[in-house]
Every structure is written in structure tokens, then in C-alpha cells.
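The next block holds one structure in the form of C-alpha cells; read it before the comments.
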Amino acid sequence: MTSAQLADTANALVADGKGILAADESSPTIKKRFDSIQIESTEENRRDYRDMLFSTPDAGEFISGAILFDETIRQTAADGTTLVKKLESAGIIPGIKVDMGAKPLAGHPGETVTEGLDGLRARLEDYAKLGARFTKWRGVYSIGEAMPSAACITANAHALARYAALAQEAGLVPIVEPEVLMDGDHSIDDCEEVTEEVLRSVYNELAIQEVSLEGSLLKPNMVISGQDCPEQAGVAEVAERTVRCLKRTVPAAVPGVVFLSGGQNDELATEHLDAMNKLGDLPWKLSFSYGRALQAAPLKAWSGQAANLAAGQAAFLERAKANSAAATGTYA
Ligand code: 13P
């Protein structure tokens, strides 16, 4: 795999009006989602739910790629077709989450470092054979008293960069995901300051590990007010601050930035992305790699009932279409 091929895949993932479906919930996380619709998290239910999303007619017009969890990339749907094949025939590029989760950071209560570097080279080879063409690794940062610490920022940036280099070696595009959580009562100022520091450290480490920026994507949080902050910044302010923060830290060689939704409600996540693209004059594509903001509506519409398949798919397509418009600044 040449770096030009990696760049081709990265560019395809942020093709005009397209973004990514993050469907890589780990088993405990998908259980939480299923609990909300009173569905048992069995292997069969997880498979059928993801099959519903991946088989949505016309989804490939708006969705460029889907990030899978280890179980899903190995699963075969009830009709005998692998879920990877379903994505491929819809024109959706299969991707895979390769980190092993955020684990407590020694000596830093309340903070985490994401693990999964040991044995990663072999796992990446396996995933490439299973059809993955891109990957994701998420580092997590909380805002709070003396948080994030320098230890948390440097340890996660280092791991993200080592992961990205290994992914590229295996011919897989790395999506680098440093997520500053929206939990807490911090202000949007705090979020902007922390996000800027985090992104600067990530791009510093990517340079040290000689990661090809052209063959990578960034998946950051937006710069928003903490969930419990009494003052919530409006859409225009979120858009301006997020773009300012990215322009200060993300090299223009990166083909695209695909945001996580992070617990924002669906509609706001779409409006924020739309407002950013309306600002124009951006050196990279700005699109989405949403989990909850794409799935909350279809999950509820489906509710684990085969009879609701079409309703679930319609709800998914509606969110995909709205975010596709936002990715070109033509939503509102
Ligand atoms: P959310 O959009 O629900 O934050 O999920 C995106 C994701 O992949 C988190 O790692």
C-alpha cells in the first residue's frame, strides 16, 4: 500500500456530502443503548440491528464509511451475507475500532489512557484481511480540577501516534480521535483551551512518529459548553470557536475532520456542522463520524422489532441525509 492509496481512501471517506457512521460500540456500550429500548443485548440482536443500518437503501449516497466493532466485522447476517459484504455492496467502506478501551491512568485518579498497542500489528493484519480499509482509536480527556493533566495529554497523544503509524504500515487509514468530553459544568472557554492543547500535542506526536497526514483523518470533539454549564453557547459561537481552534492546530495536509457527536442531541450536532461549513474558507473537509447523533432515532424507531425494519431505516436515512447536507453547509 502506497501513501497515495492511503490518501485516496482518506479522501473517499470525506467525499463531498459524505460522512461516517460510527457503529463501533463495544459490548458494554451497545448494551446501554439496547437497555434504552428494553432489548436484550444478544449477539443476534446486535447483528440484526447493525444489519438494518447497513442495508438501508441509498445510505451509500450519504455515508462513506462505517466503523465496526471486532464482533461485527466477523458477523454474517441472517440472509447468509457477511456484514462487511453488505457495506461493500452499498458502496460504504468498512472500518474498525482497534483500541482496547480507555483504562485508568496510573497516579491520576479520574483520568484514562487508551490501551491496545501490544499485539496491534497482528490485529491490524487480521482486520485488513477481513476487509477493513480504515481504523479508529479514541483517546479520552476530561475537563475538571487540574484535568486534563500533562500526563494524560502526552500519554494519549503518544498512543494515538503509535497507533496511527502502525495502521498506515498495515495499509489502513487511521482516524485519530482525541475526545475532550462534554461532561461537567465547564465553560466553552475551558473547552476551547483544552481542545487546543490536546490537538497541538496530538499533531506534535504524529510528526514525531512520521505519520503521513495526507493518509489520515481527525475525529475531534466540537468546542462546546460543558453539558452542565449554566451558560450554553449558541450554534454560531460553537461553529466559530471550533473552526478557530482547528485552524490553529490541524495541518492543512489533513484531508478531513470528521466530528464525533459526543452526546449532543441529533439536531444540534447537525446544525453545528452546517454552521461550520457555512463559514467557508476551510483547508480541510469538515464532516461527521457520528454514533449517537446518527443512531438515536433509528434505534428508537426499530426497537428490536423485525416489523419496524423499514421505519428504522427511514429514520437512519433521514439523519444521514441531514448530516450530508450539513457536510456541505446546505442544511439550514
Ligand atoms: P458519538 O458520536 O456518539 O460520540 O460516537 C462517536 C464515536 O465513535 C465515539 O468514539
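Every number for a ligand or one of its atoms is a count from 1 in the order of the listing. For this chain, numbers begin at 1 and follow the sequence in order.
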Please say which of R50, K97, R138 ends up in a salt bridge (Lys or Arg N to Asp or Glu O under 4.0 Å) with E25.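 Result: among R50, K97, R138, R50 is the only option passing the salt bridge (Lys or Arg N to Asp or Glu O under 4.0 Å) with E25.
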Quick one: salt bridge (Lys or Arg N to Asp or Glu O under 4.0 Å) partners of E240, sequence neighbours excluded?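 So E240 forms no salt bridge (Lys or Arg N to Asp or Glu O under 4.0 Å) with any residue.
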Using salt bridge (Lys or Arg N to Asp or Glu O under 4.0 Å) as the criterion, list what pairs up with E71, not counting sequence neighbours.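 Partners of E71 under the salt bridge (Lys or Arg N to Asp or Glu O under 4.0 Å) test: R46.
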Under 3.5 Å, is there a donor-acceptor pair linking the side chains of S289 and K219?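 Note: S289 and K219 side chains meet the donor-acceptor criterion.
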Amino acids in close contact with ligand 1, where any non-hydrogen atom sits under 4.0 angstrom away: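 Residues A22, D24, K136, R138, E177, K219, L260, S261, G262, S289, Y290, G291, R292 each place a heavy atom under 4.0 Å from ligand 1, listed by chain and number.
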Salt bridge (Lys or Arg N to Asp or Glu O under 4.0 Å) contacts in which one or both residues fall within residues 280-301, not counting sequence neighbours: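 As it turns out, the salt bridge (Lys or Arg N to Asp or Glu O under 4.0 Å) pairs with a partner in residues 280-301, which skip direct neighbours, are D16-K285, K247-D281.
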Do other residues, nucleotides or ligands put more than 12 heavy atoms under 6.0 Å from M100 CE?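 Atom CE in M100 is not packed in, count stays at 12 or less.
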